[in-house]
Structure formats: structure tokens, C-alpha cells
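First comes the structure, then the notes that go with it.
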Amino acid sequence: MTILTLHNTLTGRKEAFRPIEPAHVRVYACGPTVYNYAHIGNGRMAVVFDLLVRVLREIYPRVTYVSNITDVDDKIMDAARQNGEAIDIITRRYEAIYNEDMAALGVVKPDIQPRATEHISEMIAQIEQLIARDHAYAVQGHALFHVPSFPAYGGLSGRSRDDQIAGARVEVSPFKKDPADFVLWKPSTSEQPGWDSPWGRGRPGWHIECSAMAEKHLGLPFDIHGGGADLKFPHHENEIAQSCCAHGHENDLSAFARYWVHNGFVTVDGEKMSKSIGNIRLVHDLISHYPGEVLRLTLLSAHYRAPLSFTADALDQARSTLDRYYRILFDLKEVEAGAGTVPAAVLNALCDDLNTPQVIAELNALVRDVANADLSQRQQIKASLLATGDLLGLLQTDPAAWLGYGVQDGVDGVAIEKLLQERQNARQSKDFGRADEIRRELSAMGIEIEDTPQGTKWRKAS
RNA sequence: GGCGCGGUGGCCGAGUGGCUAGGCAGAGGACUGCAAAUCCUUGUACGCCGGUUCGAUUCCGGCCCGUGCCUCCA
């Protein structure tokens, strides 16, 4: 049996993954708040957990992957006010765009993608449980989680409650019993979206939605909880507090989720993405300039926990790596691949805490001797390459189309053929000056040519 | 200030207590009229200072630098 190891934030160590039920692995990852286009950092999270789920599916018979849509949030309300649009118009629009953009990155849609607004009653029920167990209290239309009621609080991020208060930059609301207490429910004005609750008309705090939706769709405890590294505190810390305390597991932080997996941040040219710097890279824009697989491989070219500097150079490198694999597949197009399996070295690398750079190295090793391989070795290489591509969510395009052979759109095939014939004539009469001139003309049209023993081929350069 | 993550050859990027990934770029060569593509050859790097050790890039301590988070900002 293949053993997956994962770095578990809860213990701070790399551990062997042991599912609660090997017959059914359950995963939750915090999804986007839908009020804008997703940026490449959101894309990284989606790609990393998509890959994790693919690897789990390779090992285990059944995997359920839940990733939520946050469609009630103050940032959404701000966006609605600014655009003069209804909130649900905005959230449904950006939810659809999010799913399209992630699909372009090769992300398989989660099995369940619950919306926060469709789980209000579950959230209210959980808050009532917390109040009943004296872990929360109602005051002035709010419901607040009382952090001192949960001594184990802070176990995920490793900060003491005192540290948090000492470092807090935000003024503490006067009605909080303790400065560290956080909101479970807050009142809405009549213009704001709201739902009736035991504490009056209001809306949920941010953290409670994930606790409620994960529990409803996966049951507790479940196997893996993921998200961006920025969510460790306070979001995931608070989820643990809510879910453990609602069920009386005050001494067991793993009573909610067993393994916590966090992906690192994406920077742009080494700088944080921010509106003020104006360097936010939206997936929606990037996919019109780069094939989705180039973006996906770029995101997988660093280990998922390491920071990733998103640069034009990194994109170019991912593209040339993919070009090389596609060229090999193109050269092997007459070779019968047969049923392929993912090479053990690749699966082992993936099972080593998703060591994707190692996977790429293994892929290079696989492909290194293709030129000197015999037929059965070529069949094996092709099958392994395709199987690995399927697992990684790469190499899903027809090689000829990827490389630009036989392109019909945006090229004048007749003119190209005419120029190629003219060049051929020039070469035969040793008029290489004219032949090179024609090659430059074609190059200016975006057409690259290759002279082979079988004649001259052309391709549309990407 | 607190907590976390990271600093590897020109660039990207794994990993390891001693056998020193991989890719890109560069250099040389083969092939080609010249190219392109491909193939061959070529790179002893691990932030700084101590310590442990026969031996540290890898372990321990300190420091420096970069980066993220610090409670929903109504």
C-alpha cells in the first residue's frame, strides 16, 4: 500500500497519512469569497488541493472533496454598494467565473461546493450548541465565542491568547467579555442581508460557515482540512474552537480535522500582491495570455508550502518544459501507448508531501533516453508520460495542437505553403539568401519552420 | 513586539550528516547550406557567526535578511 505523507500544521511535522476510514477519505478546503475575480494566489490553493485530491484518489477507493463558496461577507456588501448591484447577482457571477477560471487551470470541481447562505440554519444550530455548552454568549444582537472557555485555543498557529491581545491592532469592542472573543453572529441593518435568529436579524461571522458546512457534508472528524497559509490564524484556529467546543471535545484539537494542510503564498516578482502596488495577477487575465497548463505547471513548480514568486521567467520555463514533453509525445504519435500506469518514482514523489519539483525531475528522468529507446521502451515511456499527465492534470492537449502543427485559425495556410514551395525552389537552386529571407518572412508571421528528412514542417509559434 | 515560513550555483528549484537532484539560461561539439528541433559534453552551490561531530549545506544556539499572519477594520 502506498503511504502518503503530509506536513500537518497541527503537529508541525511531516506524518504518514492514515485515513479515518480507508474506504472513504474526506477533505475540506476553504474556498473563495466571491466578490471579484480570483487571483493567482487563489489559483494556487485550488490547484494544490486539486492535486492532493487526485493523489488521494489514486490511492484510495473513494474521496469526497468539499470546498465552499463564501457568499455572505462584508467585502461582498461593499462591492454591492459600489456597483449598485444585488448581492446575489454579484456572488453568482463571480462564483461562475471562479469555476470557469479554475477549470482552465485543470482544477476538477469539488464534489460538493456548498454556499454559506444555504447553511444558515446549520450555523445557527451550532452557535446554539456553543452557547448551551458555555463556550459562547449573546450580547447586543451578537453571538460571540468566548475564547477563555477553551484553554487549548491557539494550538494550530502556536500563539498564546496573551500574545494575540498584546499584538492586536484593532480596538476591542466594549461588549466583548474577553478581548480575544470573536464573532459568531452579528446584527444586520435593514438594508444589509440578514436572517432571523435567536439573537435577532443578522448574519454569520466568517468562521462559523466552514465549521457548519464541513460538519454537514463530511461529518466529524474528517481527514484533511486545507487552505492558504494566511488562514491559519485566525480563521482555522477559530474553526477548530467552534467545532471542537460545540461537541464537547475541548481537549482534542483533532476532533474536527485530523490533518491540516496549508499552501504557501504567491508573490509577484517577489512582492506581495496588493491593490495598492497594483500587481494583482488575475487568473482570468492570465488565461488569455498563457495556456492553463503553463499556469498550472508554474504553480506546481515549487513545493506547495514554499512561497512562490510568480514571474514571467517562471512562466516561460514552465512553457518550455511542457513544450518538451509535448514534442516527445508528438514524436511518439505513431507509437501505441497501451494502458499506462504512473511510474512508482512519480507516485512516491507525490506521496512525499506532494513533492512536485521531484515529480518533474522524475518525469525528466523518464523521458531522458527516449531518443535511444527501442519500440517497447518507447511504448512504456509514452504510456507513463500520459498516465502521469492525467494524474497531474497536465498534457491534456493534443500534442500537434499544442505545438502549433496543422493550425487552421489565424493563419493563411495557402500563403504559407506557397512561401515554403518558393523557399524549397530557392534552396534547390542554392539561392540561400532568398531562402533565409522567406524564413524571416514566415517568422514575422509567427510561423516557425523545421527542415526534416521528410520535408519542411511548419508550426505556429506560441 | 509576538507567532509562522523561507534564505541552495547566472535564474528556477528538490534534497541530504560523508556517495554533492532536476530544469532553464550560458559555453563547446554533432546534425543542418544556415537555422529550428534533437543528441553529446560542460556547472563541487547551500545567508553570517559559533557549537556538536572523524566529517555539516544538512543537527544545536545566536545573529542578519526576506516574507506571511496578529481576530472580521460595523
Side-chain angles (χ1 to χ4, degrees), chain A residues 7 9 12 33 41 73-75 77-78 141-142 144-145 147 154 156-173 176 178-184 186-189 192 202-207 228-238 241 262 264-267 270-272 298 301-303 305-309 311 313-321 323-324 327-328 330-331 349 352 355-365 368-372 403 426-428 430-433 435-436 439-440 443 448-453 456-459 461:
Chain A
H7 181 92
T9 308
T33 301
D73 179 275
D74 289 358
K75 292 192 286 284
M77 284 159 40
D78 291 344
H142 293 72
L144 292 157
F145 186 92
V147 171
L156 181 73
S157 57
R159 21 181 124 206
S160 76
R161 177 184 150 280
D162 293 343
D163 291 339
Q164 297 148 29
I165 296 163
R169 288 185 302 215
V170 175
E171 209 176 318
V172 174
S173 303
K176 287 186 179 179
D178 185 275
D181 291 353
F182 60 88
V183 171
L184 299 168
K186 59 186 162 186
S188 294
T189 63
Q192 291 171 332
R203 59 193 192 278
W206 172 34
H207 317 297
D230 56 323
L231 297 181
K232 273 184 226 173
F233 187 89
H235 185 54
H236 289 162
E237 204 68 82
N238 292 353
H262 291 98
F265 250 57
V266 180
T267 59
E271 262 190 314
K272 182 189 176 179
T298 302
S301 65
H303 183 84
R305 288 198 303 126
L308 175 72
S309 181
T311 61
D313 211 50
L315 288 162
D316 290 344
Q317 208 168 304
R319 185 196 293 272
S320 66
T321 299
D323 281 353
R324 200 152 46 84
R327 190 168 287 284
I328 287 160
F330 182 73
D331 291 342
D352 181 16
N355 190 340
T356 49
Q358 185 65 40
V359 170
I360 295 166
E362 297 299 345
L363 230 31
N364 290 328
R368 186 166 35 208
D369 299 319
V370 69
N372 303 316
L403 295 168
R427 290 175 75 206
Q428 263 160 11
K430 307 279 186 207
D431 184 358
F432 296 118
D436 291 347
R439 180 164 57 205
R440 281 192 295 275
S443 180
E448 298 295 329
I449 61 172
E450 297 161 26
D451 294 325
T452 74
T456 300
K457 294 194 295 192
W458 64 270
R459 56 182 281 259

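- Between the CG atom of A/D74 and the CD atom of A/Q192 there is a distance of 7.0 Å, given to the nearest 0.5 Å.
- Comparing B/rU8 with B/rG47, their C1' atoms sit 10 Å apart, to the nearest whole Å.
- Minimum atom distance to the side chain of A/V183 is reached by B/rC72, of the listed B/rC24, B/rC72, B/rU71.
- The side chain of A/N364 lies closest to B/rG22 when the candidates are B/rG22, B/rC72, B/rA21.
- No donor-acceptor pair closer than 3.5 Å links the side chain of A/E362 to the backbone N or O of A/A349.
- In this structure, A/F182 and A/V147 have side chains that are in contact, with non-hydrogen atoms separated by less than 4.5 Å.
- The same atom, C1', is picked in B/rG50 and in B/rU42; the two are 38 Å apart, to the nearest Å.
- When distances are taken from the side chain of A/F432 to each of B/rC12, B/rA21, B/rG33, the shortest belongs to B/rG33.
- A/H142 places its NE2 atom 7 Å from the C1' atom of B/rA74, with the value rounded to the nearest Å.
- Nearest to the side chain of A/A302, among B/rA14, B/rC72, B/rC69, sits B/rA14.
- Straight-line distance between the P atoms of B/rC40 and B/rA56: roughly 36 Å, to the nearest whole Å.
- When each of A/H262, A/H236, A/K232 is paired with A/T9, the side chain to side chain donor-acceptor pair (under 3.5 Å) condition holds for A/H262 and for no other.
- Whole-Å rounding puts the A/F233 CZ to B/rC70 C1' distance at 6 Å.
- Judged by Watson-Crick or G-U wobble contacts below 3.5 Å, the nucleotide B/rU71 has no partner.
- Residues A/D331 and A/R327 form a side-chain contact, since some pair of their non-hydrogen atoms from C-beta on lies under 4.5 Å apart.
- Using a 4.0 Å heavy-atom distance criterion, A/A314 is classed as making no nucleic acid contact.
- The side chain of A/R439 lies closest to B/rC34 when the candidates are B/rC34, B/rC70, B/rA14.
- One cannot find a donor-acceptor pair under 3.5 Å joining the base of B/rC72 and the side-chain atoms of A/H235.
- Nucleotide B/rU58 has no partner under the Watson-Crick or G-U criteria, as no pair reaches both atom distances under 3.5 Å.
- Nearer to the 5' terminus of RNA chain B, by closest-nucleotide assignment, is the contact made by A/D369 (compared with the other of A/D369 and A/N238).
- A/R324 has no side-chain polar atom (N or O) that falls below the 4.0 Å cut-off from OP1 or OP2 of B/rU38.
- One P atom belongs to B/rG2, the other to B/rG62, and the distance between them is 13 Å to the nearest Å.
- Listed nucleotides B/rC12, B/rC34, B/rU38 differ in distance to A/Q317; the shortest reach to its side chain belongs to B/rC12.
- In this structure, B/rA25 forms no base pair with any nucleotide, since neither Watson-Crick nor G-U wobble geometry is met with both distances under 3.5 Å.
- Comparing B/rU41 with B/rC48, their P atoms sit 33 Å apart, to the nearest whole Å.
- B/rG66 is paired with B/rC5 under the criterion used here, namely a Watson-Crick or G-U wobble arrangement in which both key atom distances are under 3.5 Å.
- The distance from atom CD of A/E237 to atom C1' of B/rG68 is 16 Å, rounded to the nearest whole Å.
- Proximity note for A/D313 (side chain, C-beta onward) versus B/rC70, B/rC72, B/rC11: the nearest is B/rC11.
- Across all strands shown, B/rA45 has no partner, as no Watson-Crick or G-U wobble contact with both distances under 3.5 Å is found.
- Between A/D78 and A/K75 there is no salt bridge, since no side-chain N of the basic residue sits under 4.0 Å from a carboxylate O of the acidic one.
- With a 4.5 Å cut-off on side-chain heavy atoms, A/R459 and A/E450 count as touching.
- Judged by atom type and distance alone, A/D436 reaches the base of B/rG33 through a side-chain donor-acceptor pair under 3.5 Å.
- A/E450 comes within contact range of at least one nucleobase, with a heavy-atom separation under 4.0 Å.
- Residue A/K176 has a polar side-chain atom (N or O) positioned under 4.0 Å from OP1 or OP2 of B/rC72.
- Put simply, CG on A/D352 is 10 Å from C1' on B/rG15, counting in whole angstrom units.
- Within the 4.5 Å cutoff, the side chain of A/K457 has no heavy atoms near those of the A/L403 side chain.
- Distances from the side chain of A/Q358 to the nucleotides B/rC24, B/rA21, B/rA35 place B/rA21 closest.
- The OG atom of A/S188 sits 4.0 Å away from atom CZ of A/R203, with the distance rounded to the nearest 0.5 Å.
- Between A/D74 and A/D331, the one whose closest nucleotide on RNA chain B sits nearer the 5' end is A/D331.
- Comparing B/rG4 with B/rU20, their C1' atoms sit 31 Å apart, to the nearest whole Å.
- Between the CZ atom of A/R427 and the C1' atom of B/rA36 there is a distance of 11 Å, given to the nearest Å.
- When both pairing distances are held under 3.5 Å, B/rU16 makes no Watson-Crick or G-U pair with any nucleotide shown.
- Here the P atom of nucleotide B/rG22 and the CG atom of A/N355 are 14 Å apart, to the nearest Å.
- In the set B/rC69, B/rC72, B/rC5, B/rC5 carries the atom at the smallest distance from any side-chain atom of A/P307.
- Using a 4.0 Å heavy-atom distance criterion, A/H303 is classed as a sugar-phosphate-only contact.
- Within 3.5 Å, no donor on the side chain of A/R327 pairs with an acceptor on the base of B/rA37, nor the reverse.
- In the set B/rG22, B/rC69, B/rU71, B/rG22 carries the atom at the smallest distance from any side-chain atom of A/A361.
- Atom-to-atom, NE2 of A/H7 to C1' of B/rG15 comes out at 17 Å; the value is rounded to the nearest Å.
- Taking the C1' atom of each, B/rG13 and B/rC24 are spaced 11 Å apart, rounded to whole Å.
- Side-chain to base pairing of A/N372 with B/rC39: no donor and acceptor N or O lie closer than 3.5 Å to each other.
- Across all strands, A/D230 comes closer than 4.0 Å only to sugar-phosphate atoms, never to a base (heavy-atom distances).
- Atom P of B/rC60 sits at a distance of 15 Å from the matching atom of B/rG18, rounded to the whole Å.
- Between the P atom of B/rG68 and the CG atom of A/L308 lies a distance of 14 Å, rounded to the nearest Å.
- A 3.5 Å limit on both hydrogen-bonding distances identifies no Watson-Crick or G-U partner for B/rC31.
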